[in-house]
Amino acid sequence: MARTSTLHNRPYSVSQLNLYEQCPLRYRYYYVERLRPVHQWVESFVGARVHESMEFLYRHLKEQTLLPVSDIIQFYIRRWEQMWSSAVQIFNKRRNREWYRRYGEKCLRSYYVQYYPFLEPGSHIIEVEWPFQIVLGAEGRYRMQGHVDRLTRRDDNSFVVHDYKTSQRVPRKGALSKDLQPGVYQLAVRKMFPEAQRVMVSWHYLASQKELRPTLSCSQLDRLQAKLVEKIDRIEQDKELAPRPSRACQSCEYKMICPTQNTTHASCQAQA
């Protein structure tokens, strides 16, 4: 299967790299051919609505306004109703739309109770949904981009990257150590705020009220940059982007057009 276009010189994201590792063909459909799935899994829908609600909370906090939890929940429900459509699919048939709506509400209520009034003494919000783009390595061949849920700065010039997770499962330390995202976020802050004395990462698992801190050392960040360049090199050199069948095929949004599946019905549409 010949590659029809290239992403060279375009910024990459952690999501892109992870999708390629999972299945190069799935990567091709989404990032090269730009086929956008018609359907969205409900877990992704819940995550989007919860993140919008957290952004709503912290944008008001940045303006010195502390909202009651009822305002956050009302905002969440309003966005849920506005955005829900038949395109949202539920894979787990033992649960329904209302279960997932309540689950997202539980995430927000749990976080509110755990962290109220939300800002530590001497800590200031730099940005909510902070976008970044950084150059990798000394040669600067590739760029990485992404969004940080919330970036705060302390009086001692240390920075904290906050990320909200709506997953029901909290990963074990071994699994989390393989996650590229924490290190990429640290790299972004260090490159864009050279005055930072320290950069820490806090992963907030809202439903379980767990907070993990997968912060990397400077030497680990150096190795990460080399690893990212290596991964992107592999993508750029891959002329086939062939399918990689796995258990993930069962819930893949492209399985209806994948040549490894026994069907030809299209379930995606191209994005202009």
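Only a predicted model underlies this, so the values are computations on that prediction, with no experimental measurement involved.
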For [Y], is there an ion pair with [X] - N to carboxylate O distance below 4.0 angstrom?
X: E211; Y: R213; value: yes
X: E129; Y: R59; value: no
X: E253; Y: R36; value: no
X: E236; Y: R141; value: no

Less than 6.0 angstrom separating the ring centers of [X] and [Y], yes or no?
X: W99; Y: Y103; value: yes
X: Y205; Y: Y164; value: no
X: Y115; Y: H204; value: yes

Hey, are D149 and Y58 close enough side-chain-wise for a donor-acceptor pair under 3.5 Å?
no
Looking only at side chains, do Y20 and D238 share a donor and an acceptor under 3.5 Å apart?
yes
For the student: nearest non-hydrogen atoms of [X] and [Y], plus distance:
X: R244; Y: P24; answer: NH2-CG, 3.5 Å
X: V14; Y: M144; answer: N-CE, 3.7 Å
X: I134; Y: V184; answer: CD1-O, 4.4 Å
X: I235; Y: Y27; answer: CG2-OH, 3.4 Å
X: L25; Y: P259; answer: CD2-CD, 3.5 Å
X: N157; Y: E195; answer: ND2-O, 3.3 Å

Polar side-chain atom of [X] near backbone of [Y] as donor-acceptor pair, under 3.5 Å:
X: S53; Y: R49; result: yes
X: Y185; Y: H147; result: yes
X: Y76; Y: R101; result: yes
X: R95; Y: I90; result: no
X: Q133; Y: Q145; result: no
X: Q16; Y: S13; result: yes
X: R150; Y: E127; result: no
X: K62; Y: V128; result: no
X: W203; Y: V170; result: no
X: Q209; Y: S110; result: yes

Are [Y] and [X] connected in a single hydrophobic cluster, I mean Ile/Leu/Val/Met/Phe/Trp/Tyr linked by side-chain heavy atoms less than 4.5 Å apart?
X: L119; Y: Y111; result: yes
X: W84; Y: V38; result: no
X: I125; Y: F159; result: no
X: V199; Y: L228; result: yes
X: F56; Y: Y116; result: yes

Taking it one step at a time, do V88 and W41 satisfy side chain to side chain contact (heavy atoms under 4.5 Å, CB included)?
CA-CA 6 Å; V88 182; W41 292 118; over 6 Å; no
Value rounded to 0.5 Å, distance of [atom1] in [X] from [atom2] in [Y]:
X: L206; Y: L108; atom1: CG; atom2: CG; result: 7.0 Å
X: S86; Y: Q40; atom1: OG; atom2: CD; result: 12.0 Å
X: R247; Y: Q250; atom1: CZ; atom2: CD; result: 8.5 Å
X: L224; Y: L180; atom1: CG; atom2: CG; result: 6.5 Å
X: E21; Y: R26; atom1: CD; atom2: CZ; result: 13.5 Å
X: L57; Y: L66; atom1: CG; atom2: CG; result: 7.5 Å

Side chain proximity check, [X] to [Y], heavy atoms < 4.5 angstrom:
X: K165; Y: K210; answer: no
X: H39; Y: P37; answer: no
X: E55; Y: H51; answer: no
X: R97; Y: W80; answer: yes
X: L151; Y: V189; answer: yes
X: L35; Y: I257; answer: yes
X: I126; Y: F193; answer: yes
X: Q186; Y: T215; answer: yes

For the side chain to side chain contact (heavy atoms under 4.5 Å, CB included) test, which of R223, K231, E230 pairs with K227?
K231
side-chain hydrogen bond (donor to acceptor under 3.5 Å, both in side chains), that's the test. Do Q197 and S158 meet it? Break it down for me.
CA-CA 5 Å; Q197 296 297 309; S158 61; over 6 Å; no
More than 12 heavy atoms of other residues, nucleotides or ligands under 6.0 Å from CZ of R198: yes or no?
no
In terms of the angle between their ring planes, are Y254 and Y30 parallel, tilted or perpendicular, with boundaries placed at 30° and 60°?
perpendicular
Classify the ring geometry between W130 and F132 as parallel (under 30°), tilted (30 to 60°) or perpendicular (over 60°).
tilted
Go through the steps for R79 and Q74 under the test side chain to side chain contact (heavy atoms under 4.5 Å, CB included), then give the verdict.
CA-CA 9 Å; R79 288 296 295 159; Q74 287 176 11; over 6 Å; no
Would L136 and R143 count as a side chain to side chain contact (heavy atoms under 4.5 Å, CB included) here? Give the steps.
CA-CA 6 Å; L136 294 177; R143 292 171 290 151; over 6 Å; no
Evaluate side chain to side chain contact (heavy atoms under 4.5 Å, CB included) for K191 paired with V135, printing each intermediate quantity in order.
CA-CA 9 Å; K191 286 176 179 288; V135 174; 5.7 Å; no
Where do T152 and H162 land on the side-chain hydrogen bond (donor to acceptor under 3.5 Å, both in side chains) test, with the steps shown first?
CA-CA 8 Å; T152 59; H162 298 270; 3.3 Å; yes
